[in-house]
S.K.: 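Dropping the structure in here first, questions after.
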Amino acid sequence: MDSLRSVMEWDIVFENCWWMWIICPLLFAIALVMRRSKDRTRKICGNVLLGFSIPGMLAALAGFGLFLYSFFRIFSTVNPATHIVNDIKLGDDFNDLENSSLIFCPLMIMLFPIQGIASVITGGKVISKGSGKAVGILAVIMGLALIAAAVYFAVGFVHMLGDP
């Protein structure tokens with residue numbers, strides 16, 4: 001168990017991607033729920049929201065694959081007998097892998113506001129037509145949360161860039 005904990009301490013890919021693994025499937029699920037209806041307005045709004053949620057899901061899956069590769073690469077390097085992780089020799093290609101996971105932060109900053117605005121608009125349309133108030137309110141709340149998350153990540157990314 002200590003080796004798993006030490007792997008998670010060394011894995012920066014997890015820190016850069018875990019938000020996407022929560023937020024993107026939630027938006028995808030809301031889109032699927034909104035789409036499963038006989039009401040035309042709700043079905044169209046669900047299709048629109050589904051189209052906006054697919055790039056996030058693909059990015060989340062790519063981040064998860066990158067995490068699994070990184071996790072098993074570090075896990076195979078850590079010596080489970082001594083639990084010494086101070087001198088891990090993973091090589092330059094692994095540093096490039098970890099640095100490539102930093103692209104997920106700007107991706108979230110660009111993707112989340114677009115998805116959030118689409119979610120607020122489609123949720124508002126569903127609420128105004130009266131075809132599913134619960135799912136419409138959930139879509140509006142998710143849209144506002146996506147916009148807030150984008151602002152949060154933008155502030156964190158600017159701080160990260162300014163850190164020497």
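In this chain, residues are counted from 1 in sequence order.
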S.K.: Using ring-ring contact (aromatic ring centres under 6.0 Å, His included) as the criterion, list what pairs up with F64, not counting sequence neighbours.
M.R.: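 Result, ring-ring contact (aromatic ring centres under 6.0 Å, His included) vs F64: W21.
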S.K.: CG of L49 to CD1 of I54: how many Å apart, nearest 0.5 Å?
M.R.: 10.5 Å
S.K.: Quick one: list whatever passes side chain to side chain contact (heavy atoms under 4.5 Å, CB included) with M57, sequence neighbours left out.
M.R.: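 If we apply the side chain to side chain contact (heavy atoms under 4.5 Å, CB included) test to M57, skipping adjacent residues, the hits are C24, P25, F28.
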S.K.: Any chance you could measure T41, atom OG1, to I127, atom CD1, to the nearest 0.5 Å?
M.R.: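 So the gap between those two atoms works out to 13.0 Å.
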S.K.: Please name the pair of heavy atoms, one in L107 and one in A59, separated by the smallest distance, quoted to 0.1 Å.
M.R.: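 Nearest pair, atom of L107 first, then A59: CD2-CB, 3.4 Å.
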S.K.: Please assess K129 against R42 for the test side-chain contact (heavy atoms from CB on, under 4.5 Å), listing each intermediate value before the final yes or no.
M.R.: CA-CA 9 Å; K129 291 290 185 175; R42 189 170 157 185; over 6 Å; no
S.K.: Grab the two heavy atoms, one from S119 and one from G143, that are nearest each other, plus how far apart they are.
M.R.: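 Looking at all heavy atoms of both residues, the shortest contact is OG-N, 3.5 Å.
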S.K.: Which residues, ordered by chain and number, are linked to L61 in its hydrophobic cluster, where ILVMFWY side chains connect at heavy-atom gaps below 4.5 Å, directly or through other members?
M.R.: none
S.K.: Would you please name every residue forming a side chain to side chain contact (heavy atoms under 4.5 Å, CB included) with A149, sequence neighbours left out?
M.R.: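 I23, F112, F153.
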S.K.: Is L68 reachable from I22 through a run of hydrophobic residues whose side-chain heavy atoms are each under 4.5 Å from the next?
M.R.: yes
S.K.: Answer yes or no: is there a side-chain heavy-atom contact under 4.5 Å between K125 and I44?
M.R.: no
S.K.: Only counting residues at least two apart or in another chain, list the ones meeting ring-ring contact (aromatic ring centres under 6.0 Å, His included) with F52.
M.R.: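 In terms of ring-ring contact (aromatic ring centres under 6.0 Å, His included), with neighbours along the sequence ignored, F52 is linked to no residue.
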S.K.: Output every pair passing side chain to side chain donor-acceptor pair (under 3.5 Å) with a member in residues 43-61, not counting sequence neighbours, ordered by first then second residue.
M.R.: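 Checked against side chain to side chain donor-acceptor pair (under 3.5 Å) - neighbours excluded - the pairs reaching residues 43-61 are R35-N47.
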S.K.: Which ILVMFWY residues are connected to I121, directly or by a chain of links, through side-chain heavy atoms under 4.5 Å apart?
M.R.: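 Besides I121, the cluster holds I117, I147.
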S.K.: Nearest 0.5 Å please: distance from the CG atom of L26 over to the CG atom of L146.
M.R.: 9.0 Å
S.K.: Working to the nearest 0.5 angstrom, can you tell me the gap between Q115 CD and I30 CD1?
M.R.: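 Answer rounded to 0.5 Å: 11.0 Å.
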S.K.: Residues in side chain to side chain contact (heavy atoms under 4.5 Å, CB included) with V120, at least two apart?
M.R.: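 Testing V120 for side chain to side chain contact (heavy atoms under 4.5 Å, CB included), a comparison that skips the adjacent residues, returns L144.
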S.K.: Shortest non-hydrogen contact from M34 to V126?
M.R.: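 Closest approach of M34 to V126, heavy atoms only: SD-CG2, 3.9 Å.
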S.K.: Would you compute the distance between atom CG of L27 and atom CG of L50 and round it to the nearest 0.5 angstrom?
M.R.: 9.0 Å
S.K.: Are W19 and F67 co-members of a hydrophobic cluster defined by side-chain heavy atoms under 4.5 Å apart?
M.R.: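 Yes, F67 and W19 fall within the same hydrophobic cluster.
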S.K.: What residues form a side chain to side chain contact (heavy atoms under 4.5 Å, CB included) with K133, not counting sequence neighbours?
M.R.: none
